[in-house]
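Atoms within each ligand, like the ligands themselves, are counted from 1 in listed order. Numbers here simply count residues along the sequence, with the first being 1.
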Amino acid sequence: MSFTRYGSVAPAEEWCRAALEEGKTLGFVPTMGALHEGHIALVERSVEECDVTVVSVFVNPLQFDDPGDLERYPRDEDSDARALEEAGCDLMFTGTLPEFFPRSFDEMGSLEPGALVSPGPAAEGLEGASRSGHFVGVATIVHRLFEVVSPTRAYFGRKDYQQSLIVKEVAARRGSPLVVICPTVRTAEGLARSSRNERLSEAERTDALALSEALAACDALWREGERDAEALSRALSRPLEAAPGVQLDYAAVRDAERWTSEDPSGPMGSCVALVAARVGPVRLIDNLVLGEGEACEISLGAGSRA
Ligand code: PAF
């Protein structure tokens with residue numbers, strides 16, 4: 001199948017409907033563009049597992065709490081299109097907010113509150129506390145994208161751990177698609193791939209390695225047998241508090257089977273370590289499920305990690 005690119009939502013919706021009517025399985029990778037190896041790994045996985053692969057490239061204003069951050073978010077659609085065609089993607093599309101939500105704008109040009117989708121309990125704490133309204137914006141666009149594309153499977157990266165819980169919740173409520181959470185793709189040095197990394201200088205990229213190093217140190221402690229939540233959390237935050245060029249936002253642990261907004265205490269049966277920090281002009285996040293390595297996870301249920 002040849003590569004198709006649409007600059008608006010309606011023809012993309014039609015394209016997807018036709019593919020499904022032909023009995024094809026449809027893999028979907030939602031993105032905000034500025035594609036990197038992490039995105040391409042998701043596309044390649046979809047190409048492997050599905051008959052056709054669709055990628056959306058849409059910098060969703062609803063999920064930005066800082067207008068400056070939205071303005072500075074990197075964009076290069078032509079380069080994205082080239083990378084997607086090479087990776088075997090069949091359809092790339094973008095659109096505007098009014099195209100995604102044609103009936104939901106009031107006379108002031110704002111999206112009506114009724115169009116917003118609740119992200120559920122996994123939006124509480126950490127990223128949800130640091131970025132007001134972010135996860136409502138994510139849940140709203142992901143829900144709408146699922147309506148437009150009707151994917152069989154949707155692929156997301158584990159770097160956005162809390163987002164992955166919210167996406168699973170949105171899919172579980174709708175009864176589809178199957179959500180595939182894929183391993184974080186890292187540079188050889190360990191830095192988690194992110195579109196925002198483009199804005200780091202060489203020196204800042206080196207400073208940013210402190211995040212994955214702190215996660216690795218916490219993982220090593222877990223593998224040695226440490227299970228106490230406070231001890232693990234201290235082992236995660238201490239090196240980051242001292243790291244040059246790193247302004248720590250949070251370093252925390254959570255039960256990997258059950259999200260809580262508050263920090264857990266006492267012995268843990270399963271554990272995900274999560275960090276967020278500002279390095280130079282960029283806010284970075286990263287996480288690691290301790291003792292597991294970078295596994296892939298398929299889910300329809302909100303809480304399921306099977
Ligand atoms: O992870 C992202 O790039 C975005 O949050 C997503 C899922 C494409 C929704 O805008």
A.B. asks: If you define the side chain from C-beta out and look only at heavy atoms, does anything of L35 sit under 4.5 Å from T31?
C.D. replies: yes
A.B. asks: Run the side-chain contact (heavy atoms from CB on, under 4.5 Å) test against D219 and tell me which residues pass, sequence neighbours left out.
C.D. replies: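 Listed in chain order: R223, L288, L290.
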A.B. asks: Determine, using ring centers only, whether F100 and F58 are less than 6.0 Å apart.
C.D. replies: yes
A.B. asks: Heavy-atom contacts with ligand 1 below 4.0 Å: which residues, ordered by chain and residue number?
C.D. replies: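 The 4.0 Å shell around ligand 1 contains P30, T31, M32, N60, Q63, I141, F156, Q163.
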A.B. asks: So, taking the atom named CZ in R45 and the one named SG in C50, what distance separates them when rounded to the nearest 0.5 Å?
C.D. replies: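 That separation rounds to 9.5 Å.
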A.B. asks: Tell me the closest heavy-atom pair linking V54 and C16, and the distance in Å.
C.D. replies: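 Heavy atoms only, the tightest pair is CG2-SG, 4.1 Å.
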A.B. asks: Do R131 and D249 meet the salt-bridge criterion of a basic N to acidic O distance under 4.0 Å?
C.D. replies: no
